[in-house]
2 protein chains.
Amino acid sequence: MNLPHETPVLSLFVSHDEKQLASDLALAVVRLARQLRGHRQHSAVSLTQLSALSTLFSEGPMTPGALAARERVQPPSMTRVIGSLADVGLVDRMPHPSDGRQIIVSLSEAGKALVQNEKDAREAWLAAQLRNLRSAELTSLREAVDTMTELMKTCD
Amino acid sequence: MNLPHETPVLSLFVSHDEKQLASDLALAVVRLARQLRGHRQHSAVSLTQLSALSTLFSEGPMTPGALAARERVQPPSMTRVIGSLADVGLVDRMPHPSDGRQIIVSLSEAGKALVQNEKDAREAWLAAQLRNLRSAELTSLREAVDTMTELMKTCD
DNA sequence: TATTGTTATACTCTATAACTATA
DNA sequence: TATAGTTATAGAGTATAACAATA
């Protein structure tokens, strides 16, 4: 072995592991995301729409800019998503009380009902897949969901 | 409580947990996939392209139909991906030795080099995020990658 | 002048339906 | 007639640049 003596062997391996994990995780995530989108072709809302609705559900009404930041997309992308949700009556847009430039987006009653219904009964394909997993696998998935959520909070 | 007496309480809760986990996992996965795609804007290849290249790397040359099945996309989608990769010289297309309808797609030398280089050095953003995680979180992510990969193998 | 949201435009990813060539 | 791959077309999702209205 010809390692630079300033570099502990352990940290070298950890670093390599992290690169490998980053690569593996990225591929697994994009492939699973592809499947999940595909299995929702006949759902009322897409995963992009559901993601925005879920944020409004858990965090309450907010401006398009805040929702874009929270979902980590650019404002014009969120304008589109909000427009599509408003078109089908799942969100309402109201003027901001004190700033004429801003608007407030909130879930309609139908939007709230849809989010609760989705939480309770949708993702049928994935839930079916999960039914075949062992307890340890479910546990690691649950922990991974938390970790992935944290990763995105510290995103650049 | 008014549970049907055929249904064990435990399995009811597990079922609910699985639905909840399916919902949470789906949102986490699509959001992380969005980030990962965004952070590769200046990479040589997209994650869709890298996914196909990685499959060719690990499983060797195959027909477009086999690659589409392996990546779980429809054949016309794979035609496009292969076309884009051939345009930049990362894959080669050769006639099938015995069936004039089929072709064989394989990694070029540049394609092999790119996959190895990506594995070793890319996903920089994600690797940086992972560096801040604790060992237990890394472990659950590693296990989750395996589980997600398995999930897709048993896909409809 | 800076900020918020929208419009215009374009690119990637994916799908379905129709077509071509070969088996 | 069935199969493999491609072409044509469309729609979702996302981005950047330019614009309008308001602060």
Side-chain angles (χ1 to χ4, degrees), chain A residues 27 29-53 61-88 91 93-105 155-156, chain B residues 27 29-53 61-88 91 93-105 155-156:
Chain A
L27 289 178
V29 162
V30 296
R31 287 167 176 162
L32 183 53
R34 185 194 279 158
Q35 288 313 295
L36 288 169
R37 288 192 188 282
H39 278 277
R40 287 182 67 86
Q41 302 274 23
H42 302 101
S43 299
V45 294
S46 72
L47 279 171
T48 294
Q49 293 172 313
L50 182 59
S51 183
L53 292 173
M62 64 183 79
T63 65
L67 190 52
R70 184 63 184 65
E71 289 287 302
R72 297 193 180 277
V73 297
Q74 293 302 307
S77 303
M78 190 49 68
T79 293
R80 281 199 146 210
V81 175
I82 293 168
S84 69
L85 293 170
D87 286 347
V88 295
V91 301
R93 284 179 283 202
M94 288 158 43
H96 190 284
S98 63
D99 186 336
R101 297 170 302 181
Q102 301 187 50
I103 65 175
I104 302 292
V105 184
C155 182
D156 303 328
Chain B
L27 289 178
V29 162
V30 296
R31 287 167 177 161
L32 184 52
R34 183 194 280 157
Q35 289 313 295
L36 289 169
R37 288 192 187 281
H39 279 278
R40 288 183 67 85
Q41 301 275 21
H42 302 101
S43 299
V45 294
S46 72
L47 278 171
T48 295
Q49 292 172 315
L50 182 59
S51 182
L53 291 174
M62 63 183 79
T63 66
L67 190 52
R70 185 63 183 66
E71 290 285 302
R72 298 194 178 277
V73 296
Q74 294 301 308
S77 303
M78 190 49 68
T79 293
R80 284 205 142 207
V81 175
I82 293 168
S84 69
L85 292 171
D87 286 347
V88 294
V91 300
R93 283 180 284 202
M94 288 158 42
H96 190 283
S98 64
D99 186 336
R101 298 170 302 179
Q102 302 187 49
I103 65 175
I104 302 292
V105 183
C155 183
D156 301 330

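Chain letters run A, B, ... following the sequence lines, proteins first, then strands; residues in each count from 1. These numbers come from a predicted model, not from an experiment.
Scanning both residues, B:Val30 and A:Arg37, for their nearest heavy atoms gives CB-NH2, 4.3 Å.
When rounded to the nearest whole Å, the span between CZ of B:Arg40 and C1' of D:dG13 equals 18 Å. To the nearest angstrom, C1' of D:dA4 lies 9 Å from CD1 of B:Ile103. The distance from atom CD of B:Gln74 to atom C1' of D:dT7 is 16 Å, rounded to the nearest whole Å. Atom CE in B:Met94 sits about 17 Å away from atom C1' in D:dG5, given to the nearest Å. Per the geometry, CG belonging to B:Leu36 stands 13 Å off P belonging to D:dT14, to the nearest Å.
The structure places OG of A:Ser46 at 7.5 Å from CG of A:Leu85, a figure rounded to the nearest 0.5 Å. Of the inter-residue distances, the one linking A:Ile104 atom CD1 with A:Arg93 atom CZ reads 13.0 Å to the nearest 0.5 angstrom.
Heavy atoms of B:Ser84 sit nowhere under 4.0 angstrom from any nucleic acid atom. Contacts of A:Pro64 with the nucleic acid, taken as non-hydrogen atoms under 4.0 Å apart, involve only primed sugar atoms and P, OP1 or OP2. Across all strands shown, B:Arg34 has heavy atoms under 4.0 Å from sugar-phosphate atoms exclusively, and none from any base. Residue A:Gln102 is in sugar-phosphate contact alone, with no base atom involved, counting any heavy-atom pair closer than 4.0 Å across all strands shown. Nucleic acid contact for B:Thr79: base, since at least one base atom lies under 4.0 Å from a heavy atom of the residue. Using a 4.0 Å heavy-atom distance criterion, B:Ser77 is classed as a base contact.
Taking the side chain to side chain donor-acceptor pair (under 3.5 Å) definition, one finds that A:Thr63 meets it with nothing, sequence neighbours left out. In this view, A:Arg101 and A:Asp99 satisfy the side chain to side chain donor-acceptor pair (under 3.5 Å) rule, not counting sequence neighbours. Not a single side-chain contact (heavy atoms from CB on, under 4.5 Å) links B:Ala69 to another residue, sequence neighbours left out.
Both A:Leu47 and B:Ile82 sit near DNA chain D, but only B:Ile82 has its closest nucleotide nearer the 5' end. Residue whose closest nucleotide on DNA chain C sits further toward the 5' end, between A:Arg80 and A:Gly38: A:Arg80.
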Audit row: B:Arg72, A:Arg34, side-chain contact (heavy atoms from CB on, under 4.5 Å) steps and yes/no: CA-CA 9 Å; B:Arg72 298 194 178 277; A:Arg34 185 194 279 158; 5.7 Å; no
Test log, rule side-chain contact (heavy atoms from CB on, under 4.5 Å), inputs B:Glu71 and B:Thr48: CA-CA 9 Å; B:Glu71 290 285 302; B:Thr48 295; over 6 Å; no
Acceptor/donor pairs from residues 77-84 of chain B side chains to any protein atom, 3.5 angstrom cut, sequence neighbours excluded:
residue	atom	partner	partner atom	Å
B:Thr79	OG1	B:Pro75	O	3.2
B:Ser84	OG	B:Gln49	NE2	2.9
B:Ser84	OG	B:Val81	O	2.7

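Taking 4.0 angstrom as the limit, A:Arg37 places a side-chain polar atom (N or O) nearer than this to OP1 or OP2 of D:dG13. At the phosphate of D:dA12, neither OP1 nor OP2 sits under 4.0 Å from any side-chain N or O atom of A:Thr48.
Put simply, chain B comes within 4.0 Å of DNA chain C, heavy atom to any atom, from C:dC13 to C:dA23, going 5' to 3'.
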Nucleotide N/O to protein N/O under 3.5 Å, stretch nucleotides 20-23 of chain D:
residue	atom	partner	partner atom	Å
D:dT22	O3'	A:Gly100	N	3.4
D:dA23	OP1	A:Gly100	N	2.8

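A donor-acceptor contact shorter than 3.5 Å links the side chain of B:Arg31 to the backbone of A:Ser51.
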